[in-house]
Amino acid sequence: MQSTTHQDPSQAIPEPDVPALVLEHVRLSYLDAERRLDVLRDIAIEVMPGQTVALIAPSGTGKSTLLHVSGLLERPDAGEVRIGGVACSALNDAARTEIRRTDIGFVYQQHRLLPEFTAVENVALPQMINGLSRRDAEERAKQILGFLGLGERLTHRPSELSGGEQQRVAIARAVSNRPRLLLADEPTGNLDPVTSGHVFDTLLTLARVSRLAAVIATHNLELAMRMDRRVTLRDGVIVELP
């Protein structure tokens with residue numbers, strides 16, 4: 001990631017021949033009023049470093065469940081989830097938590113920033129939890145926020161930021177630990193069209209210049225067309241779209 005005024009905030013580049021995410025024959029069901037609901041039937045997908053994938057499907061088809069399984073927040077009933085080549089389905093909770101902390105970033109429709117902390121502090125905290133000193137974490141947070149056009153908003157709290165600015169801080173927080181994979185669930189769903197475009201530009205730029213793989217659930221077809229791939233869920237199976 002290059003900028004004339006800011007240092008590249010994403011130095012960790014996954015091996016180009018190792019997929020950031022692989023789902024192999026993933027299945028997941030729930031019991032609903034004593035009836036089994038097959039949400040994910042036979043999911044198979046591979047996402048390479050730097051690749052952006054739009055997940056387009058109606059509500060209730062399993063988009064969020066798919067993201068949760070990909071992000072190791074839920075275990076599948078069958079199949080394998082690989083993050084950076086590491087098979088994760090059989091790992092214990094501590095090992096899965098470690099991979100989530102180091103290799104996966106999450107962005108949600110709601111920014112979920114801590115209201116009592118500034119933009120810099122919100123982005124620095126995950127790094128400090130990961131063992132970085134406060135000084136180094138805040139320096140890196142400033143670099144990322146500067147790259148995202150928030151250099152003059154570093155000391156502002158979420159209530160002092162616009163919706164688009166809040167979401168860009170959330171994106172900065174998600175990539176602060178240099179993950180391999182970014183998972184985003186309707187990240188622009190609460191924003192107006194112009195602001196949505198700006199936030200989406202941020203996500204795509206980060207993915208492409210830092211070789212960050214990204215799977216983004218969205219209903220916005222115009223934004224989805226700007227991504228490398230588009231997929232949908234039909235009867236619990238991933239289908240590639242043109």
Side-chain angles (χ1 to χ4, degrees), residues 1-15 20 49-50 67-68 71-73 83-84 86 88 91-185 187 190 198-199 201-214:
M1 187 183 305
Q2 299 295 327
S3 171
T4 57
T5 57
H6 297 286
Q7 182 180 347
D8 179 356
S10 297
Q11 298 295 333
I13 300 177
E15 302 89 340
L67 292 177
H68 290 168
L72 309 185
L73 295 172
I83 304 294
V86 177
C88 300
L91 295 178
N92 62 31
D93 289 342
R96 289 165 63 88
T97 298
E98 177 67 16
I99 291 175
R100 281 199 304 272
R101 187 169 67 240
T102 58
D103 284 1
I104 305 172
F106 297 91
V107 181
Y108 301 96
Q109 185 170 335
Q110 300 289 342
H111 56 75
R112 300 188 182 182
L113 300 176
L114 298 174
E116 66 271 28
F117 292 106
T118 66
V120 164
E121 290 167 341
N122 266 282
V123 178
L125 277 172
Q127 302 173 72
M128 294 168 63
I129 292 171
N130 214 29
L132 208 61
S133 70
R134 176 168 185 151
R135 177 178 178 179
D136 289 344
E138 290 189 348
E139 180 58 32
R140 176 166 165 75
K142 291 175 183 177
Q143 291 174 6
I144 302 172
L145 290 167
F147 180 85
L148 300 184
L150 295 171
E152 297 182 355
R153 313 291 279 171
L154 301 177
T155 60
H156 289 66
R157 289 180 171 80
S159 62
E160 301 171 312
L161 301 172
S162 69
E165 289 170 337
Q166 291 171 352
Q167 199 65 320
R168 277 185 282 163
V169 174
I171 293 168
R173 178 183 59 189
V175 303
S176 64
N177 280 327
R178 301 181 175 94
R180 295 176 179 271
L181 174 66
L182 181 70
L183 301 172
D185 195 353
N190 289 334
H198 292 327
V199 171
D201 284 341
T202 296
L203 281 170
L204 296 184
T205 299
L206 277 171
R208 286 166 182 162
V209 302
S210 63
R211 295 191 56 75
L212 171 69

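Sequential numbering from 1 along the given sequence is applied to the chain's residues. Just so we're clear, the structure is a prediction, and the values are computed from it rather than from any experiment. Only this structure's heavy atoms are used, side chains among them; waters, hydrogens and symmetry mates stay out.
- When every heavy atom of Gly71 is checked against every heavy atom of Phe106, the shortest pair comes out as O-CZ, 3.5 Å.
- In this structure, the side chains of Val123 and Val169 come closer than 4.5 Å at one or more pairs of heavy atoms.
- The side-chain heavy atoms of Leu73 and Arg100, taken from C-beta on, include a pair separated by under 4.5 Å.
- Here the side chains of Gln127 and Asn177 are in contact, with some heavy-atom distance below 4.5 Å.
- Across all non-hydrogen atoms, the minimal contact from Met128 to Ala137 is CG-CB, 3.6 Å.
- More than 12 heavy atoms of other residues, nucleotides or ligands shown are found within 6.0 angstrom of NE2 on His156.
- At a threshold of 4.5 Å between non-hydrogen side-chain atoms, the residues Leu203 and Pro187 count as touching.
- Inter-residue side-chain proximity for Gln167 and Val107 is flagged as met; some heavy-atom pair is nearer than 4.5 Å.
- Checking Arg173 against Ser176 by side-chain atom types alone, no donor-acceptor pair falls below 3.5 Å.
- Closest of all the heavy-atom pairs between Ile99 and Cys88 is CD1-SG, 3.7 Å.
- If you take CG on Leu113 and CG on Leu125, they are separated by 11.0 Å, rounding to the nearest 0.5 Å.
- Contact check for Leu206 versus Ile144: no side-chain heavy atoms found under the 4.5 Å cut-off.
- Taking both residues in full, the closest heavy atoms of Asn190 and Gln110 are given as ND2-NE2, 3.1 Å, listed atom of the first, atom of the second, then distance.
- Residue Asn122 holds its CG atom at 10.0 Å from CD of Gln166, rounded to the nearest 0.5 Å.
- Remark: Glu152 CD is loosely packed, at most 12 non-hydrogen atoms of other residues, nucleotides or ligands lying under 6.0 Å away.
- The shortest heavy-atom contact between Val199 and Gly164 is CG2-O, 3.9 Å.
- With no hydrogens or angles considered, a side-chain donor-acceptor pair links Arg101 and Asn130 at under 3.5 Å.
- Nearest heavy-atom pair, Leu212 versus Pro179, reported as atom, atom and distance to 0.1 Å: CD1-O, 3.2 Å.
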